[in-house]
Amino acid sequence: MDALATDFIRVAVVEDTKSGRFNRRVHTRFPPEPNGYLHIGHAKALAIDAGVARDFGGKFNLRFDDTNPVKEEEEYVDGIVADVRWLGWDFGDTVLFGSDYFEQMFAWAVQLIEKGRAYVDDLSPEQIREYRGTLTDPGKNSPYRDRSVEENLDLFHRMRAGEFPEGSRVLRAKIDMTSPNLNLRDPVMYRILHQSHHRQGDAWCIYPMYDWAHGLEDSIEGITHSLCDLGYRDHRPLYDWFLDELGIYHPQQLEFARLFMTYTVLSKRKLLQLVQGGYVNGWDDPRMPTIAGMRRRGYTAAAINDFCDRIGVSTSASVVDVALLEHCVREDLNEHAPRVMAVLDPVKVVVDNYPEGQVEWLEAENHPQHPEMGNRLIPFSRELYIEREDFMEDPPAKYYRLAPGREVRLKNAYLVTYSSVVKDEAGRVVEIHCTYDPASRGGEAPDGRKVRGTIHWVSAVHALDAEVRLYDRLFRDEDPEKATEEGSAEERSFLDNLNPDSLQVVVGCKVESTLATTQPGDRFQFMREGYFCTDLDSRSDSLIFNRTIALRDTWAKIQGAG
RNA sequence: UGGGGCGUGGCCAAGUGGCAAGGCGACGGACUUUGAAUCCGUUUAUCGCACGUUCGAAUCGUGCCGCCCCAGCCA
């Protein structure tokens, strides 16, 4: 059992199951508000919430915390459900909604009023703020605080009946206006909102606030451990107060630190700004840290979950290096993505001594470490394309690719030796001529000579045209919030740090013919380039690939070091 | 100046009184029909600071410093 105690939350759960606190049950929940899309930070919360349930053989609920009709939309519900499923979490066959408990919540509110622990306040929003006091000064009681139970009951029922305009009254918990914890200074439980709810329609015109609703939702569902982020630490006394006053089943709230990541923003407001401001192409733009964006980019759920496991669970504010996420993605894709050849920046190669019109179908392995993934046949012919970068007329030391006087291996094909180059008037290489060694079919020389360089290629006549979208980090600075040189207002500083080269669309790429039947979502390793996935917009007659993540590139590093 | 939380190598993070895990990154090397992967190795720790308690402290105590969160009829 103790093997499960891998972090402070699981330690607490282990203790609770040992002591029999919740009859050894473990039941958690993930409670998103349907007002935006899930991002990597939610993936972490999910991994903790659902992960604890999974590890302890418990249950897990997906419950929408939909208590505010003005901010919530059905569109987001569907998106979130799809994302949670895609990440692989099992929440049974029911999606729950906090709004389904409105009637019960109302009854409990009445109970609190009858107990003298809640009252209807007529103060305006501004007055409530004034009466609340400040961080250093205590608040003061509302003049309506001591209304009789009868009057409170009457008013509260009339609030529900729709007799009062929005903002005119609220129901408040009667706790302590002088508490050093602002959350305990008579928090609002219900506000009047003459708004239709996405599920309740016009059944209600009073809506519960988070602090009042959340613990009740947890209680109703029999949640044992209500896990949330550190921002709610100060709310815990209130969570406990409501449940204790009502005397109903009482889950344990536990808080962990939110995720922050370098080169990334994760606040809903900023993400929304990126989308609405047109800085990205929607919530599922592959540059977005949203689950939808990462999925479209080609990230796997396994990689995301692995990342969540590796960053750990703690209570210290931390900024995780995005390089760890990238590592997880590479690791998973390296293991599972079939290899394929694609030339992103093609330059023509003519094999002078190869018979014109001849085509050979050569065998290529789909994965060097996994023979069980099989082989495929790729066409070889007299005219090929190779990467422009893989030829240099005057190469630096330790350049292992094609150059005057050099022999290189065409992956899975033949050894070829440079013979000449053709340039246009501008001096740009337009064609490279080579000769091949017919005895080296497959790439091995019969005399056993070693050829250091191996490059990828595609047969010119067989290759398919494709568009490739290369993605880079969305922000230039590791900390997007960092003030820019212009000293702009902090409100838009993160926008000033956007990386202008975060998306590079490359057209005229040449990919091997086996990609003709690829479907959106398919993932590959374009050998020596990186991991790519077929985009949602890709069609058989206009292929589009997204670069999920480039391969580690030691050569580039050596070059960069100069 | 109120309350809450947090400070362990570049980034995460174990550790809860007995010689400071691990991962990522970085840097070397081996191997290589992907300059990938894989393998091996290296690097950097006054455990925020100070003073105490103790045979012994990252772990306990006191004081200080620094960072984050809270004043929605948002969640």
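Numbers restart at 1 for each chain; the letters A, B, ... are given by sequence-line order, proteins then strands. Being a predicted model, the structure only gives us computed values, none of them experimental.
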Within the structure shown, what part of the strands sits under 4.0 Å from [X] by heavy-atom distance: base, sugar-phosphate, or nothing?
{"X": "A:Tyr399", "value": "base"}
{"X": "A:Arg452", "value": "base"}
{"X": "A:Val313", "value": "sugar-phosphate"}
{"X": "A:Val70", "value": "nothing"}
{"X": "A:Glu365", "value": "nothing"}
{"X": "A:Pro138", "value": "nothing"}

Could you pick out which residue, A:Thr136 or A:Arg401, lies toward the 5' side of RNA chain B when each is mapped onto its nearest nucleotide?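 Its nearest nucleotide lies further toward 5', so the answer is A:Thr136.
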For A:Ser314 and for A:Arg310, locate the closest nucleotide of RNA chain B by heavy-atom distance; then report the residue assigned to the nucleotide nearer the 5' terminus.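 By nearest-heavy-atom nucleotide position, the 5'-most residue is A:Ser314.
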For B:G72, decide between syn and anti, treating a glycosidic angle within 90° of 0 as syn.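 It is syn.
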Give a yes/no answer on whether the side chain of [X] brings an N or O atom under 4.0 Å of OP1 or OP2 in [N].
{"X": "A:His327", "N": "B:C24", "answer": "yes"}
{"X": "A:Ser318", "N": "B:A13", "answer": "yes"}
{"X": "A:Thr315", "N": "B:C6", "answer": "yes"}
{"X": "A:Ser316", "N": "B:C12", "answer": "no"}
{"X": "A:Arg552", "N": "B:G35", "answer": "no"}
{"X": "A:Lys450", "N": "B:U32", "answer": "no"}

Contact pattern, 5' to 3', of nucleotides 68-75 of chain B - B, S or - by protein heavy atom under 4.0 Å: -BBBSBBB
Distance, rounded to the nearest Å, where A:Phe260 contributes CZ and B:G5 contributes C1':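 Atom CZ in A:Phe260 sits about 13 Å away from atom C1' in B:G5.
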What pairs with A:Arg160 under salt bridge (Lys or Arg N to Asp or Glu O under 4.0 Å), at least two apart in sequence or on another chain?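 Only A:Glu103 meet the salt bridge (Lys or Arg N to Asp or Glu O under 4.0 Å) criterion with A:Arg160.
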By salt bridge (Lys or Arg N to Asp or Glu O under 4.0 Å), which residues pair with A:Asp234, not counting sequence neighbours?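 Partners of A:Asp234 under the salt bridge (Lys or Arg N to Asp or Glu O under 4.0 Å) test: none.
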Please find out if less than 6.0 Å separates the ring center of A:Phe106 from that of A:His157.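 Yes, the ring centres sit under 6.0 Å apart.
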Pairs under 3.5 Å (N/O, protein and nucleotides 39-43 of chain B):
none

When you look for runs of 3 or more Watson-Crick or G-U pairs in a row, both distances below 3.5 Å, which of them include RNA chain B?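 Stems (3+ consecutive pairs) listed as B:2-7 with B:65-70, B:10-12 with B:22-24, B:26-30 with B:38-42, B:48-52 with B:60-64.
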Please identify each residue that fulfils side chain to side chain contact (heavy atoms under 4.5 Å, CB included) with A:Ile311, with sequence neighbours left out.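 So A:Ile311 forms a side chain to side chain contact (heavy atoms under 4.5 Å, CB included) with A:Lys44, A:Leu259, A:Phe307, A:Val320, A:Leu324.
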Record whether the side chain of A:Gln525 comes under 3.5 Å of the base of B:U34 through a donor-acceptor pair of N or O atoms.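 In this structure, the two groups form a donor-acceptor pair.
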Whether [Y] and [X] form a salt bridge (side-chain N of Lys/Arg under 4.0 Å from carboxylate O of Asp/Glu) is what I want to check.
{"X": "A:Lys270", "Y": "A:Glu481", "answer": "yes"}
{"X": "A:Glu360", "Y": "A:Arg441", "answer": "yes"}
{"X": "A:Asp332", "Y": "A:Arg523", "answer": "no"}
{"X": "A:Arg376", "Y": "A:Glu512", "answer": "yes"}

Residue pair A:Glu335 / A:His370, side-chain donor-acceptor N/O under 3.5 Å: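 Yes, A:His370 and A:Glu335 have a side-chain donor paired with an acceptor closer than 3.5 Å.
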Quiz question: by atom type and distance under 3.5 Å, do the side chains of A:Tyr531 and A:Gln525 form a donor-acceptor pair?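 A:Tyr531 vs A:Gln525: donor-acceptor pair found between side chains.
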Please work out which residues in residues 330-342 of chain A have a non-hydrogen atom less than 4.0 Å from an atom of RNA chain B and list them by number.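 By residue number: A:Asn334, A:Arg339.
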Considering residues at least two apart in sequence or located in another chain, which fulfil the ring-ring contact (aromatic ring centres under 6.0 Å, His included) criterion with [X]?
{"X": "A:Phe391", "result": "A:Tyr418"}
{"X": "A:Tyr37", "result": "A:Tyr76, A:Trp283"}
{"X": "A:Tyr210", "result": "A:His214, A:Tyr232"}
{"X": "A:His336", "result": "none"}

Quote, to the nearest angstrom, the [atom1] distance that separates [N] from [M].
{"N": "B:G29", "M": "B:U43", "atom1": "C1'", "value": "14 Å"}
{"N": "B:C74", "M": "B:A36", "atom1": "C1'", "value": "48 Å"}
{"N": "B:G63", "M": "B:C70", "atom1": "P", "value": "27 Å"}
{"N": "B:U38", "M": "B:A57", "atom1": "C1'", "value": "42 Å"}
{"N": "B:A50", "M": "B:A58", "atom1": "C1'", "value": "16 Å"}

Could you note down all residue pairs passing salt bridge (charged side-chain N to carboxylate O under 4.0 Å, His left out) where residues 177-193 of chain A supplies at least one of them, sequence neighbours left out?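 Sorted result for residues 177-193 of chain A: A:Arg145-A:Asp186.
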